[in-house]
Novice: 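If you scroll down you'll find the structure; I have some questions about it.
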Amino acid sequence: MADNRLPPGQVRTHKWPVLDLGDQPVIDRRDWSLSVGGMVRRPIKWSWKDFMAQPQISSVSDIHCVTQWSRFDNRWEGIGAKTLLEAVQPDPEASHLMLRSYDGYSTNLPLADFDDEDVILAHSWEGEPLTREHGGPVRVIVPKLYFWKSAKWLRHITFTNQDIPGTWEAQGYHMRGDPWKEERYDD
Ligand SMILES: Nc1nc2c(c(=O)[nH]1)N[C@H]1C(S)=C(S)[C@@H](COP(=O)(O)O)O[C@H]1N2
Ligand SMILES: [Mo]
């Protein structure tokens, strides 16, 4: 039922294009860490070892890029957003997250969109470690939003009670980015 799966204005591709700011950081897993702070009860800083010690999940989802390509059935493995939320315990007032990456990229998203079974901090794709060009060691996957919200080379997450624009949002991309509503740009 491909028709039902393709959001408006999208074209299906079987390839997986690489898109980023152009600087693909080289991050050794031994040097990688993820820190989570802001409006949370328990800020954390996970090394690679800490991260891999968390319960692992696998999830299959579709990619929808704002540049109009979609790629179906991507199998991700990693740590579920639910596990992260349980670990840090966001404050009741927290409403949004800012994801920050090793290349200086940032993107914002509503906590309600992050807090879902299909959202994953992924270290593998189709059974193989995520390549550097696609955001390894760890990237975020938020299937329900355009792919620019799925930060590669994840480094830091901040919980806030404000919706603050990230890299593309500050340049006119939509603050939420729902592909089914074609929330591409802020008009
Ligand atoms: N850190 C970081 N994450 C990023 C980007 C980036 O430039 N830096 N680009 C975004 C955009 S616009 C897209 S479409 C996807 C592309 O991911 P891919 O290269 O794995 O297809 O990554 C998103 N995440
Ligand atoms: Mo994109």
Side-chain angles (χ1 to χ4, degrees), residues 5-29 31-36 46 48 51 58-79 81 84 96-110 113-114 116 118-158 164-186:
R5 285 174 70 178
L6 198 60
Q10 295 294 109
V11 177
R12 188 176 176 189
T13 177
H14 294 269
K15 292 177 296 183
W16 187 7
V18 173
L19 282 147
D20 50 54
L21 299 173
D23 164 35
Q24 301 177 341
V26 182
I27 310 140
D28 193 290
R29 286 170 176 185
D31 302 326
W32 178 86
S33 67
L34 170 64
S35 52
V36 184
W46 281 343
W48 177 256
F51 180 76
S58 160
S59 156
V60 177
S61 59
D62 299 344
I63 295 170
H64 306 299
C65 178
V66 73
T67 60
Q68 302 195 303
W69 57 270
S70 291
R71 190 181 190 286
F72 293 168
D73 294 323
N74 300 274
R75 174 172 293 278
W76 308 102
E77 280 147 49
I79 311 306
L84 182 94
H96 289 81
L97 290 76
M98 184 68 92
L99 310 179
R100 294 179 195 281
S101 301
Y102 279 90
D103 61 340
Y105 185 82
S106 61
T107 189
N108 55 309
L109 65 159
D113 287 329
F114 182 76
D116 209 338
D118 64 1
V119 176
I120 184 164
L121 312 185
H123 56 69
S124 295
W125 174 80
E126 300 298 334
E128 298 290 338
L130 206 53
T131 59
R132 171 181 161 217
E133 58 177 6
H134 285 301
V138 174
R139 79 179 296 167
V140 179
I141 296 296
V142 187
K144 74 172 75 61
L145 301 178
Y146 281 123
F147 208 36
W148 88 77
K149 298 289 184 179
S150 292
K152 310 202 274 191
W153 310 296
L154 182 65
R155 179 180 206 166
H156 188 71
I157 302 176
T158 312
I164 301 159
T167 302
W168 286 123
E169 294 84 7
Q171 295 180 54
Y173 280 53
H174 199 277
M175 289 294 266
R176 176 149 183 262
D178 181 343
W180 298 98
K181 296 181 184 161
E182 285 208 79
E183 292 175 342
R184 298 175 191 274
Y185 311 103
D186 238 343

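Just so it is clear, the model here is predicted, and its values are computed rather than measured. One-based numbering, in listed order, for ligands and for the atoms of each.
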Novice: Could you tell me which residues satisfy ring pair (Phe, Tyr, Trp, His ring centres under 6.0 Å) with W48, sequence neighbours excluded, listed by chain and number?
Specialist: W32
Novice: When you measure from the centre of the six-membered ring of F72, is the NZ or CZ of R5 closer than 6.0 Å and no more than 45° off the axis?
Specialist: yes
Novice: Run the side-chain hydrogen bond (donor to acceptor under 3.5 Å, both in side chains) test against T67 and tell me which residues pass, sequence neighbours left out.
Specialist: W69
Novice: I'd like the contact residues of ligand 1, where contact means a heavy atom below 4.0 Å.
Specialist: W16, P17, V18, L19, D20, L21, C65, W69, S101, D103, Y105, H134, R139, F147, W148, S150, A151, K152, W153, W168
Novice: Give every residue pair that meets the side chain to side chain donor-acceptor pair (under 3.5 Å) criterion with at least one member in residues 125-138, sequence neighbours excluded.
Specialist: N74-W125
Novice: Is the centre of the Y102 ring less than 6.0 Å from the centre of the W153 ring?
Specialist: no
Novice: Taking the six-membered ring for Trp, are W76 and F147 parallel (under 30°), tilted (30 to 60°) or perpendicular (over 60°)?
Specialist: tilted
